[in-house]
Amino acid sequence: MKTVARLAASIGFALLLGSVLTIRVSAQGPSANVTVFARDLNNPRGLKFGPDGNLYVAEGGKGGSASTLGICEQVPDVGPYTGGFTARISKIDAEGNRTTVADNLPSSQTNAASGSLVSGVADVAFIGNTLYALTAGAGCSHGLVHTTNAILRVAADGTWTMVADLSAFQKAHPVAHPNPGDFEPDGTWYSMVAVRGKLYAVEPNHGELDVISTNGEIHRVADISATQGHIVPTAVAYHGNFFVGNLHTFPIQEGSSKILKITPSGQVKTVVTGVTTVLGVAFDHEGYMYILENTTGNLFPTPFTGKVLRVTEDGLEEIATGLFLPTAMTFGPDGILYVSNVGFGPPPVGLGQIVKVTVPPVSPHEGHDSEKSAPDSDE
């Protein structure tokens, strides 16, 4: 079975292992409750609203041509990577206008045979008024010598400093069950949340959830590979516990993905099953869980087949359909769901979007599933 340990840019969308990535296009467009909010993004990934009310978006960038072939270890199946400093973080105002917050950040891409798929800035988060970024496209294994995947602290003027060296941590602390053919020494980090003054990040290729303090200390919360194997965990949300969704391997098996509940002490339990290619998890103000599916009904990534689902006592409810290779989502203060759309796939440069999903109210007969979405915690 072909595996994927990265994901379009946090991702490197570790795909098709050695075969050309074919992206099929469905004739069906998005559902009526989906509207375009912002355009002109390059491989948009994780996104969060800042304390100033603006939306901050991590972008994978455009990759590059720099190579470390013959200098350091390469990734077996989708390498050698090439890279450049083309990733950035953008700010989107209330009218959907984009400005650059920080740029010239590491960006890398897989080999042409596996789709030249891009990784760069994977996600962003705020602690107080301070912006932090999670990178996934750096490291010698990604074609960029003298770089490292990291947590970055971003100043108001766009300059940044490294808080924690994630590449070094992974090299010093291997997981129980890495995937040899897909193994990336520097990792391909994907999703990050801020909880009580600390950052929690998920890495898909190795399969782990880690906590990072603002002074640079890193500790593993859970080795997901130890209990789940190589399932490619991607998205994380916090709701009393951590809820982590997984992409799984390729070819896509419909319904093979799931949501894991991970307690702050590292206990892992499956709480939602029957979902597909999960790249986003979020909770609304009432505590309902929402799940972002990148592709449904196809063996490989397919535009206009992405969906947003809501978890209720009655099961999984479709909230939005017809999304174009979506990669992340977050709720805004207005109660609207904001989704990174056209998040990867050639040619991605300048085609990325943020779309708004108007969420319908929960039907009176529906309710919470206490097992799936309650904010219970062992803290």
Side-chain angles (χ1 to χ4, degrees), residues 9-10 37-62 64 84-107 118-138 144 146-167 189-201 210-218 236 238 282 327-334 336 338-340 343 350 352-354 356:
S10 177
F37 173 60
R39 303 177 186 272
D40 302 322
L41 300 168
N42 301 322
N43 290 292
R45 302 299 158 73
L47 65 174
K48 303 286 193 312
F49 278 87
D52 59 1
N54 293 308
L55 181 62
Y56 290 75
V57 183
E59 294 180 69
K62 307 174 187 178
F85 294 89
T86 61
R88 68 186 180 189
I89 301 169
S90 289
K91 178 174 69 175
I92 314 294
D93 67 16
E95 285 71 46
N97 301 307
R98 190 202 71 80
T99 56
T100 298
V101 174
D103 59 4
N104 301 316
L105 292 162
S107 175
V118 176
S119 302
V121 185
D123 206 352
V124 291
F126 281 87
I127 296 178
N129 292 317
T130 303
L131 173 64
Y132 292 86
L134 172 69
T135 64
L144 293 172
H146 306 311
T147 67
T148 183
N149 278 331
I151 299 290
L152 308 179
R153 182 184 294 114
V154 183
D157 63 0
T159 59
W160 55 267
T161 55
M162 185 173 72
V163 173
D165 187 334
L166 298 175
S167 292
W189 300 82
Y190 196 73
S191 182
M192 176 173 70
V193 292
V195 179
R196 298 187 181 93
K198 295 183 178 181
L199 299 164
Y200 292 80
D210 299 319
V211 56
I212 304 98
S213 69
T214 56
N215 64 6
E217 296 179 354
I218 309 172
V236 61
Y238 181 77
T327 49
M329 65 179 179
T330 191
F331 272 100
D334 53 7
I336 293 174
Y338 291 76
V339 180
S340 291
Q353 306 171 337
I354 304 301
K356 298 167 66 172

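As the structure is a prediction and not an experimental result, all values here were calculated from the model.
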Measure the [atom1]-[atom2] distance between [X] and [Y] for me, rounded to the nearest 0.5 Å.
X	Y	atom1	atom2	result
Asn43	Arg88	CG	CZ	10.5 Å
Asn215	Lys198	CG	NZ	8.5 Å
Thr330	Asp123	OG1	CG	9.0 Å
Thr135	Leu152	OG1	CG	5.0 Å
Ile212	Asp165	CD1	CG	11.5 Å

Looking only at non-hydrogen atoms, find the nearest pair between [X] and [Y] and report the distance.
X	Y	result
Val124	Gly46	CG2-O, 4.2 Å
Ala194	Ile127	CB-CG1, 3.9 Å
Gly352	Pro44	CA-CD, 3.7 Å
Ser107	Leu144	O-CD1, 3.7 Å
Ala87	Gly120	CB-CA, 4.0 Å
Gly197	Thr214	O-CG2, 3.8 Å

message = Pair Lys48, Leu131 - check side chain to side chain contact (heavy atoms under 4.5 Å, CB included), show working.
response = CA-CA 10 Å; Lys48 303 286 193 312; Leu131 173 64; over 6 Å; no
key: Asn42 and Val118, any side-chain heavy atoms less than 4.5 Å apart   = no
task = Answer yes or no: is there a side-chain heavy-atom contact under 4.5 Å between Leu134 and Leu166?
result = yes
task = Show the numbers, then the answer: is there a side chain to side chain contact (heavy atoms under 4.5 Å, CB included) between Ile151 and Met192?
result = CA-CA 10 Å; Ile151 299 290; Met192 176 173 70; 3.6 Å; yes
query = So with a 6.0 Å cut-off around CG of Asn129, is the heavy-atom count from everything else above 12?
reply = no
query = So with a 6.0 Å cut-off around CZ of Arg39, is the heavy-atom count from everything else above 12?
reply = no
Could you pull out every donor-acceptor pair under 3.5 Å between side chains of residues 89-97 and any protein atom, sequence neighbours left out?
from, atom 1, to, atom 2, distance (Å)
Ser90, OG, Glu59, OE2, 2.4
Ser90, OG, Arg98, NH1, 2.8
Asp93, OD1, Glu95, N, 2.9
Asp93, OD1, Gly96, N, 3.0
Asp93, OD1, Asn97, N, 2.8
Asp93, OD1, Asn97, ND2, 3.4
Asp93, OD2, Asn97, ND2, 3.1

inquiry  = Under the criterion side chain to side chain contact (heavy atoms under 4.5 Å, CB included), I'd like the reasoning laid out for Tyr190 against Thr327: C-alpha separation, chi angles, the key distance, then a yes or no.
reply    = CA-CA 10 Å; Tyr190 196 73; Thr327 49; 3.4 Å; yes
Those residues that, when tested against Thr159, pass side chain to side chain contact (heavy atoms under 4.5 Å, CB included) (two or more places apart) = Ala155, Asp157
note = By ring pair (Phe, Tyr, Trp, His ring centres under 6.0 Å), Tyr132 pairs with (sequence neighbours left out) none
query = Under 3.5 Å, is there a donor-acceptor pair between the side chain of Thr86 and the main chain of Lys62?
reply = yes
ask   = For the rings on Phe37 and Tyr338, is their centre-to-centre separation under 6.0 Å?
value = yes
